[in-house]
Amino acid sequence: MRAVRAVLAAFCAAALAGCSSFPMSSAPEPFDVSNRDNGIVQFAADGPSDGADPVSLVKDFLRACAAGTNDDYATARLFLTDASASNWKPEEEVLVHESDTENTPTIAPRDGDDDSDSAVTVTVSFTAIASVDSVGILTHSPHTTIDHEYALVREKGQWRIESPADVVVMSRSAFTASYQLANLYFPAATQDALVADPRWLPSRRLAGHLLDGLAKGPRPSLSAAVVNAIAAGGPMPSRGVETTERTAKVDLSGPEPASEQAAGLLVWEIRETLTQVPDVSSVEVTISGQPLSTGTPPTGPSYSLDTLVGLSEMGMVYVSGATVSAVPISEAPSSTASRPTASPVSASLVAWNDGDTTRIARVGADVVTAAGSLELGPSIDRFGWVWTGGSDENGPLAVANEALAPSAVAIESDPDGEVRGVRLSADGARALVVRGQSSLWTATVERDAAGAPVRLSHFDEVPTGGVGLVDASWAGAGTIMYVTDADGPEGEQQLVTLPLGGLPTSTPLSARATAMSAGGSPAAVALAVQDAQGQSGTAPQALTRSGALWQPFPAGVREARYAG
């Protein structure tokens with residue numbers, strides 16, 4: 001931090017000095033600006049101070065680790081013994097804790113050694129919120145207390161760290177300053193959509209890290225839902241990414257793809273992955289220096305995630321701003337209908353709860369009744385499958401469409417609690433599963449060749465804090481949102497936003513929500529509330545987010561939900 005302050009101070013002084021001679025009038029002339037590394041702020045840290053005591057040395061080492069991605073941990077290695085510096089592998093794991101000021105390190109003699117002048121142990125205690133592995137996959141670890149020990153010895157008269165674990169520890173703010181959450185994109189198993197595989201990667205040289213991630217392939221939990229166009233035995237990256245005038249140039253080596261379709265998928269996943277980098281707007285792919293022969297790469301399905309369907313005295317309705325229009329289906333929902341939804345790719349397909357059954361309707365066709373329902377309502381995936389409750393014979397979860405009777409969806413593992421709701425991601429590769437009163441999970445959706453769901457596998461628990469869970473939804477292609485029940489001294493519910501593979505943030509709700517859904521982004525949220533504006537005893541009301549405020553839907557709309 002001393003180095004950071006010094007650099008900023010020098011920069012400000014130079015800027016102010018420059019202002020004293022800024023031209024007030026002259027003809028405009030073009031000038032060149034050097035291309036920065038992704039436009040990010042890069043942090044620096046000092047090496048070890050001469051004569052530093054063990055605690056100060058460890059504190060400064062942690063600062064150097066926080067800045068380590070910007071100098072490949074060269075400064076951090078200066079705090080280690082000569083032998084340890086060459087063997088340390090800091091990229092293996094990052095432990096993230098919440099606060100920059102959390103817990104002062106403590107010092108003690110090394111085990112079995114009473115001579116603190118030659119060897120000591122410094123312990124840093126912190127509450128971890130997550131860990132990130134060597135390929136950028138984040139695992140939540142809320143409220144996990146960790147005592148991380150550093151063994152120090154004297155080398156050439158100075159304290160140095162000996163044989164540290166292959167891990168770095170940093171605060172959330174330092175981590176998000178040095179790492180960026182970005183997606184690797186892999187084609188779905190049906191090869192008609194891209195599926196995001198989120199990773200935390202160093203912001204510096206981000207394009208190269210992304211290309212390396214594609215070559216290593218998807219995380220194991222997604223292997224049944226995606227394919228990798230950069231396949232073993234096929235063309236592989238021959239070097240890093242070269243960026244010139246916002247064009248990323250990727251050269252591959254090895255045999256050409258077996259078909260134009262395979263080549264198209266290859267270009268598709270590389271292009272969509274690398275254009276997330278701020279300095280990249282287009283991608284050129286070559287094999288051994290020659291342009292890759294390919295037809296037009298796929299574009300994927302078109303989603304309508306901001307479609308809102310509601311229930312009112314008119315029956316089922318579309319809601320667009322202040323405009324409410326009837327959904328022209330053959331049979332109006334009953335007065336006890338609830339939890340409406342629509343297809344994420346076609347607003348003409350809708351479904352809703354009707355008691356212990358699920359009703360499915362398409363504009364211009366008859367309404368179909370499927371036995372079974374879920375407390376939090378049905379969900380429709382991009383293939384047109386309606387996810388609903390199963391039966392005693394076929395398990396807790398089933399899918400149905402307009403033509404076929406419900407069929408069971410197998411569940412690989414069986415976390416505790418009744419399945420209250422399932423929400424499908426836009427790409428159809430993942431499901432949010434609400435179980436019991438406080439349990440939320442993501443799972444991989446395994447499908448047959450025609451896209452029919454057959455199994456949920458690789459369950460991963462979403463951290464909800466162990467409090468009651470009201471409802472959950474996807475926002476856009478890769479953000480999870482959910483409402484936790486009243487908790488804490490104020491008794492406020494929390495609306496939590498959690499980017500897939502990321503870290504959560506929460507906003508208190510003043511109205512008591514009984515249901516929620518989200519649209520194409522976390523800014524598009526619909527709530528069903530029981531006590532609007534904090535006034536208990538009021539009639540149920542539907543609200544939508546407008547900036548920082550919540551506004552009621554048009555009069556008569558008692559519930560509204562986004563597609564999906």
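Predicted model, so just to flag it, every value in this text is computed and none were measured.
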Please report the interatomic distance [atom1]([X]) to [atom2]([Y]), rounded to the nearest 0.5 Å.
X: Y562; Y: T307; atom1: OH; atom2: OG1; answer: 10.0 Å
X: F186; Y: N228; atom1: CZ; atom2: CG; answer: 5.0 Å
X: L95; Y: C65; atom1: CG; atom2: SG; answer: 11.0 Å
X: D60; Y: T75; atom1: CG; atom2: OG1; answer: 11.5 Å
X: I146; Y: S125; atom1: CD1; atom2: OG; answer: 10.0 Å
X: L265; Y: D192; atom1: CG; atom2: CG; answer: 10.0 Å

Does [X] reach the main-chain N or O of [Y] with its side chain, forming a donor-acceptor pair under 3.5 Å?
X: D251; Y: G289; value: yes
X: T341; Y: A563; value: no
X: T484; Y: V467; value: no
X: T444; Y: H458; value: no
X: S178; Y: A66; value: yes
X: S506; Y: V496; value: no

| field | Listed partners of K216 passing side chain to side chain donor-acceptor pair (under 3.5 Å), at least two apart | value | D212
| query | Considering residues at least two apart in sequence or located in another chain, which fulfil the side chain to side chain donor-acceptor pair (under 3.5 Å) criterion with D381? | reply |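 With neighbours one apart ignored, the set is W387, R447.
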[Y] and [X], any side-chain heavy atoms less than 4.5 Å apart:
X: L194; Y: P187; value: yes
X: T442; Y: S425; value: no
X: R199; Y: R219; value: yes
X: T69; Y: S203; value: no
X: L424; Y: F383; value: no
X: Q191; Y: P298; value: no
X: W441; Y: L456; value: no

I'd like to check the salt bridge (Lys or Arg N to Asp or Glu O under 4.0 Å) partners of [X]; sequence neighbours left out, ordered by chain and number.
X: D306; result: none
X: R271; result: none
X: R455; result: E412, E446

| task | May I have the step-by-step check of side chain to side chain contact (heavy atoms under 4.5 Å, CB included) for L266 and L252, ending in yes or no? | result | CA-CA 11 Å; L266 177 65; L252 307 175; 3.6 Å; yes
Please report the closest heavy-atom contact between [X] and [Y], naming both atoms and the distance.
X: L305; Y: P344; result: CD2-CB, 3.8 Å
X: A64; Y: A76; result: CB-CA, 3.8 Å
X: A52; Y: W159; result: O-CD1, 3.4 Å
X: V227; Y: A189; result: CG1-CA, 4.3 Å
X: P504; Y: H140; result: CD-NE2, 4.4 Å
X: A518; Y: M481; result: CB-SD, 3.9 Å

| message | Let's go through R160 and L80 carefully: what are the C-alpha distance in whole Å and the side-chain angles of both, what is the deciding distance for side chain to side chain contact (heavy atoms under 4.5 Å, CB included) to 0.1 Å, and is it a yes or a no? | response | CA-CA 5 Å; R160 292 294 182 262; L80 310 183; 6.0 Å; no
Polar side chain donor-acceptor pair, [X] to [Y], under 3.5 angstrom:
X: T247; Y: S282; answer: yes
X: D147; Y: T123; answer: no
X: Q180; Y: Q276; answer: no

| query | Which salt bridge (charged side-chain N to carboxylate O under 4.0 Å, His left out) pairs, counting each pair once, include a residue from residues 121-132, with sequence neighbours left out? | reply |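 Counting only pairs at least two positions apart or across chains, no salt bridge (charged side-chain N to carboxylate O under 4.0 Å, His left out) contact touches residues 121-132.
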Parallel, tilted or perpendicular, as decided by the 30° and 60° cut-offs, for the rings of [Y] and [X]:
X: Y150; Y: H148; value: perpendicular
X: W200; Y: F175; value: tilted
X: H97; Y: F126; value: tilted

| message | My understanding is that only one of D197, N183, L211, L210 makes a side-chain contact (heavy atoms from CB on, under 4.5 Å) with T273; could you say which? | response |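 The side-chain contact (heavy atoms from CB on, under 4.5 Å) with T273 is passed solely by L210 among D197, N183, L211, L210.
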| said: Please evaluate residues L503 and L138 with respect to the criterion side chain to side chain contact (heavy atoms under 4.5 Å, CB included), reporting the C-alpha separation (whole Å), side-chain torsions for both, the decisive distance (0.1 Å), and the verdict. | reply: CA-CA 9 Å; L503 298 169; L138 180 143; 3.9 Å; yes
| Working for side chain to side chain contact (heavy atoms under 4.5 Å, CB included), residues R205 and D72 | CA-CA 11 Å; R205 299 194 297 267; D72 295 323; 3.1 Å; yes
| Less than 4.0 Å between a side-chain N and a carboxylate O, is that true for K156 and D82? |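 Salt bridge flag = yes for K156 with D82.
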| field | Near-ring test Y303/W474, centroid separation under 6.0 angstrom | value | no
| message | Test salt bridge (charged side-chain N to carboxylate O under 4.0 Å, His left out) on D471 and R423; report intermediate values, then the result. | response | CA-CA 10 Å; D471 207 345; R423 298 283 180 263; 3.7 Å; yes
